[in-house]
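The figures that follow rest on heavy atoms only: side chains count, while hydrogens, waters and symmetry mates do not.
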Amino acid sequence: MTDTKIRRPVIGIAPSMKDRFIRMNAAYAESIFAAGGIPVFLPYTTDASRLDEYSALDGFLFAGGVDVDPAHYGETVQFDSVEVDAARDAFEFALWQRVYPGGKPIFGICRGIQFINVALGGTLYQHIPSHSQKEPGSEAPQHVSITPGSRLYRLIGAQAETNTFHHQAIKRPADTLRVTAVSDDGTVEAVETTETGRYLLAVQWHPELLAAHRPEAAALFSDFVGAARESIE
């Protein structure tokens with residue numbers, strides 16, 4: 001008898017690492033698993049053969065962490081608050097060069113939205129005030145307005161209450177990205193691709209810290225993992 005059960009898609013997560021230890025909130029992995037995927041944190045590498053094997057996974061989450069080096073968008077560091085990690089940048093840009101052309105589903109969170117924008121040719125504000133809440137990450141004090149007709153709108157509606165933990169944000173969106181959510185002060189809070197047939201969505205907030213008790217946050221992971229599942233059916 002043939003087992004027709006569809007396997008869980010395997011989702012590669014680009015993590016934070018320090019001194020060869022992966023340092024990530026387990027909520028990323030828990031949210032992916034709850035949505036039906038198998039999460040795998042990907043250790044940094046620039047080895048071509050290893051990157052080729054990574055790129056065979058079913059979907060990719062570019063997660064939170066320190067800042068993208070401004071050199072990648074043609075600037076020098078302008079604020080003491082800018083913290084970069086050359087090893088992470090090297091890994092993520094090398095991974096991106098393999099993953100993006102293949103069309104695998106991509107989801108970005110916090111640093112992830114910033115990295116994706118830079119990787120596609122956009123720029124960032126190196127420092128913005130008042131976007132790092134004092135409340136725990138499970139609380140959502142920020143109001144976000146969502147663009148009608150966008151994928152995000154179809155998922156969670158016209159408005160959302162989110163958390164916020166960042167000091168950088170998108171300045172000039174890449175040409176192939178559409179801004180689909182902003183906070184009350186106009187800060188870009190979500191983007192998605194304008195390219196037909198590609199799944200790419202990224203948010204500035206941290207839905208992994210909200211997904212266990214907020215359906216609209218869990219919906220982001222379900223949508224992403226669902227797109228990865230479709231790619232293997």
Side-chain angles (χ1 to χ4, degrees), residues 5-15 24-41 57-65 104-114 116 131-166 169-170 177-185 187-193 198-233:
K5 183 178 179 181
I6 301 299
R7 69 169 174 83
R8 286 175 176 256
V10 182
I11 305 299
I13 304 175
M24 297 297 294
N25 193 314
Y28 286 105
E30 291 164 350
S31 297
I32 291 294
F33 190 82
I38 296 291
V40 178
F41 289 113
L57 301 179
D58 304 312
F60 297 87
L61 169 56
F62 289 86
K104 297 287 183 70
I106 294 171
F107 185 31
I109 292 176
C110 199
R111 170 195 160 97
I113 189 176
Q114 297 164 14
I116 288 168
H131 273 266
S132 188
Q133 68 189 54
K134 294 180 174 61
E135 299 90 341
S138 58
E139 297 186 24
Q142 176 179 249
H143 175 261
V144 169
S145 298
I146 300 170
T147 305
S150 64
R151 190 179 191 103
L152 191 62
Y153 185 93
R154 294 194 299 273
L155 283 173
I156 61 177
Q159 301 179 45
E161 305 305 317
T162 74
N163 52 27
T164 180
F165 293 100
H166 63 106
I170 289 177
L177 294 178
R178 175 191 182 195
V179 174
T180 55
V182 295
S183 59
D184 289 343
D185 66 1
T187 298
V188 174
E189 293 289 339
V191 294
E192 46 195 80
T193 185
R198 180 188 292 279
Y199 185 99
L200 189 158
L201 189 151
V203 298
Q204 185 59 72
W205 66 91
H206 282 270
E208 78 282 2
L209 302 179
L210 302 168
H213 62 282
R214 286 182 174 261
E216 68 276 16
L220 298 178
F221 291 95
S222 295
D223 189 56
F224 167 53
V225 172
R229 183 180 296 109
E230 288 177 5
S231 71
I232 62 175
E233 291 181 350

Which heavy atom of [X] sits nearest to which heavy atom of [Y], and what is that distance?
| X | Y | result |
| --- | --- | --- |
| Val203 | Ala190 | CG1-CB, 4.0 Å |
| Ile13 | Ala63 | CG2-CB, 4.1 Å |
| Ile116 | Gly108 | CD1-CA, 3.9 Å |
| His213 | Ser138 | NE2-O, 2.9 Å |
| Pro9 | Ile232 | CA-CD1, 4.1 Å |
| Pro136 | Phe165 | C-CZ, 4.2 Å |

(message) Applying side chain to side chain contact (heavy atoms under 4.5 Å, CB included) to Leu152 and Thr147, what does each step give before you reach the verdict?
(response) CA-CA 8 Å; Leu152 191 62; Thr147 305; over 6 Å; no

Measuring from [X]:[atom1] to [Y]:[atom2], what's the distance to the nearest 0.5 Å?
| X | Y | atom1 | atom2 | value |
| --- | --- | --- | --- | --- |
| Ile113 | Leu200 | CD1 | CG | 9.5 Å |
| Trp205 | Ile109 | CH2 | CD1 | 10.0 Å |
| Asp58 | Arg7 | CG | CZ | 4.0 Å |
| Arg178 | Leu201 | CZ | CG | 11.0 Å |
| Glu192 | Arg198 | CD | CZ | 14.0 Å |
| Phe224 | Ile11 | CZ | CD1 | 4.0 Å |

(message) Tell me whether Phe33 at atom CZ has more than 12 heavy atoms from other residues, nucleotides or ligands lying less than 6.0 Å away.
(response) no

Any side-chain to backbone donor/acceptor pair from [X] onto [Y]? Under 3.5 Å, distance only.
| X | Y | value |
| --- | --- | --- |
| Gln204 | Ala169 | no |
| Lys104 | Leu57 | yes |
| Tyr28 | Gly64 | yes |
| Arg229 | Arg8 | no |

(message) Exactly one of Phe60, Phe62, Phe221 should register a ring-ring contact (aromatic ring centres under 6.0 Å, His included) with Phe107. Which one does?
(response) Phe221

(request) Sequence neighbours left out, what pairs pass salt bridge (Lys or Arg N to Asp or Glu O under 4.0 Å) with at least one residue falling in residues 206-224? (result)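 Residue pairs passing salt bridge (Lys or Arg N to Asp or Glu O under 4.0 Å), neighbours aside: Arg151-Asp223, Arg214-Glu216.
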
(request) Evaluate side chain to side chain contact (heavy atoms under 4.5 Å, CB included) for Asn25 paired with Leu209, printing each intermediate quantity in order. (result) CA-CA 9 Å; Asn25 193 314; Leu209 302 179; 3.4 Å; yes

(request) Return the set of residues passing side chain to side chain contact (heavy atoms under 4.5 Å, CB included) with Ser183 (not counting sequence neighbours), or none when no residue passes. (result) His131, Gln142, Asp185, Thr187, Glu189

(message) Under a 3.5 Å threshold, yes or no: a donor from one side chain and an acceptor from the other, between Asn163 and His206?
(response) no

